[in-house]
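Working notes, structure below.
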Number of protein chains: 2
Amino acid sequence: MAKTASASRQQQPYHHGNLAEALVAAGLDMAAEGGPEALSLREAARRAGVSPTAVYRHFEDRTALVLAVKNVVLARLAAAMEQALAKPVPRGMDPAARAHEHLIRIGTAYVEFAVAHPGDYRVMFADGCFPDDTPSGVAGEHVSGRPYGILSNVLDEMVATGALAAAARPGAEAPAWAMVHGLASLILEGPYGALPPGEREAMVAMSLEIIAAGLTGR
Amino acid sequence: MAKTASASRQQQPYHHGNLAEALVAAGLDMAAEGGPEALSLREAARRAGVSPTAVYRHFEDRTALVLAVKNVVLARLAAAMEQALAKPVPRGMDPAARAHEHLIRIGTAYVEFAVAHPGDYRVMFADGCFPDDTPSGVAGEHVSGRPYGILSNVLDEMVATGALAAAARPGAEAPAWAMVHGLASLILEGPYGALPPGEREAMVAMSLEIIAAGLTGR
DNA sequence: CGCGGATGTGCACGATGTAAACACCCTGTG
DNA sequence: CACAGGGTGTTTACATCGTGCACATCCGCG
């Protein structure tokens with residue numbers, strides 16, 4: 001992105017400009033409208049003003065296109081989580097409480113993202129595993145800047161501040177992630193979507209406190 | 001089932017016999033093979049030896065067929081959970097510990113069902129909400145015999161035996177269900193499917209203990 | 001015996017993903 | 001400056017899917 005550099009005239013530089021980006025953009029729109037199953041290859045081509053098979057010059061498959069969209073969504077979710085962390089914390093809060101608060105915040109942000117962008121969220125879990133978020137071999141900086149990495153960092157912070165026992169740290173991502181993903185999923189595709197917003201938020205808040213309590217042993 | 005009563009000759013009684021059942025059976029097979037997106041109306045008709053549009057005499061939609069399959073799967077999951085409850089508990093276990101154990105058992109059964117029957121499990125969360133499992137208005141006997149009802153009952157048992165504070169009871173289904181659904185989902189459609197079975201089971205067991213601890217306050 | 005409604009068939013239409021052959025035009029090289 | 005090559009987009013085609021509509025068939029009831 002920001003590659004519009006030397007193109008003084010914004011007529012398409014040669015064939016289309018960059019179709020790949022346009023297709024992903026179209027894919028993002030369609031995903032927002034109707035989730036991953038509404039993300040059609042032909043419709044993406046249509047929106048980009050191009051013939052259906054042109055897509056294959058940039059994406060091997062429909063799933064490849066979906067995967068590209070998925071990556072963008074993943075980054076957006078990560079951004080929402082980071083933003084939730086960035087908001088200031090009440091003064092005089094001790095570090096452990098702060099770490100705990102951080103866990104609650106990224107959890108809330110995760111679920112709220114799913115509620116605010118249902119289609120986007122569901123794309124992240126459409127056909128096939130995650131693109132480059134790390135499953136188990138959690139190694140080094142490769143992890144950060146992505147939702148899983150953010151969670152990892154917060155859990156580390158909890159250990160560092162004494163909010164979480166070091167013995168409880170290994171594998172702590174799993175229950176935490178499972179909880180927020182379960183909440184999001186049951187709201188979007190399960191029965192909890194029928195709850196009025198207020199009750200839903202209370203339910204989420206309670207669930208997050210419960211998982212935090214379970215992790216830290218209170 | 002077991003309706004083969006008065007049909008002495010097993011030639012199809014009149015047109016087909018009962019197409020509806022055959023279609024659901026075919027649907028169950030297809031779901032087991034490739035999940036909800038592999039559950040095609042035409043293929044179901046093919047397997048039942050019938051023309052595609054014949055399906056519409058028994059199901060308004062493709063989604064109606066999926067919903068019928070979903071109901072069967074839901075019952076199977078409930079059966080698996082009840083079976084997990086039925087196995088005997090170590091002698092001398094006090095009622096509260098027993099109730100706790102029950103919660104762990106149905107949680108384990110839930111996730112194991114998902115792992116053992118990925119396609120079936122995913123059908124339960126395919127297009128549209130739950131058929132007749134109760135979302136929020138949890139009322140009376142209508143609930144039992146189904147996964148959500150089983151969970152409700154176990155939570156009630158926990159309160160009755162003192163394993164769970166009465167104040168923590170309202171809405172306790174949500175975090176519990178979110179946890180197991182999150183685990184199942186992340187295993188089937190997320191990164192945790194890559195874990196070797198032993199590690200996966202350990203991860204699930206740990207997560208279940210954590211949610212139980214969070215609920216009961218230890 | 002015959003009729004009506006339940007059940008199943010045939011055909012058609014538009015949508016989708018994708019493969020193969022062709023057409024264009026930018027870019028680097030002689 | 002000309003020209004070949006390859007990256008990019010088009011056209012055409014095929015198999016699949018869900019579904020509507022008109023027709024055929026056959027059971028059971030009067």
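Please read these numbers as outputs of a predicted model, since none were measured by experiment. Lettering of chains follows the sequences in order, A, B, ..., and the numbering in each one begins at 1.
Contact annotation for A/R62: backbone-only contact, meaning every heavy-atom pair under 4.0 Å involves sugar-phosphate atoms and none involves a base.
Contact of the A/E201 side chain with the A/V111 side chain is not registered, since no non-hydrogen atoms from C-beta on lie closer than 4.5 Å. Proximity of A/V180 to A/L208: side-chain heavy atoms (C-beta onward) are separated by under 4.5 Å at one or more points. A 4.5 Å side-chain heavy-atom check between B/R62 and B/V66 finds at least one atom pair inside the cut-off. When side chains are defined from C-beta on, A/S51 does not count as touching A/R42, because their heavy atoms never get closer than 4.5 Å.
Ring centroids of A/Y110 and A/H181 are separated by 6.0 Å or more, keeping the two rings apart.
Atom CZ of A/R42 is separated from atom P of C/dG14 by 14 Å (rounded to the nearest Å). To the nearest angstrom, C1' of D/dC17 lies 18 Å from CZ of B/F59. Look at CD on A/E60: it is 16 Å from P on D/dG7, rounded to the nearest Å. Between B/L19 atom CG and D/dC26 atom C1' the separation is 15 Å, expressed in whole Å. Per the geometry, CG belonging to A/N18 stands 13 Å off C1' belonging to D/dT8, to the nearest Å.
Of the side-chain N and O atoms in A/H58, none sit less than 4.0 angstrom from OP1 or OP2 of D/dG7.
The environment of A/E33 atom CD is dense: over 12 non-hydrogen atoms of other residues, nucleotides or ligands sit within 6.0 angstrom.
Within residues 43-57 of chain A, the residues approached by DNA chain D to less than 4.0 Å at the level of any non-hydrogen atom are A/V50, A/S51, A/T53, A/A54, A/R57, in residue-number order. Scanning residues 30-39 of chain B for heavy-atom distances under 4.0 Å to DNA chain C yields an empty list.
Remark: side-chain polar atoms of A/K70 are paired, donor with acceptor, to backbone N or O of A/A126 under 3.5 angstrom.
A search for salt bridge (charged side-chain N to carboxylate O under 4.0 Å, His left out) contacts involving A/E101 returns A/R105, not counting sequence neighbours.
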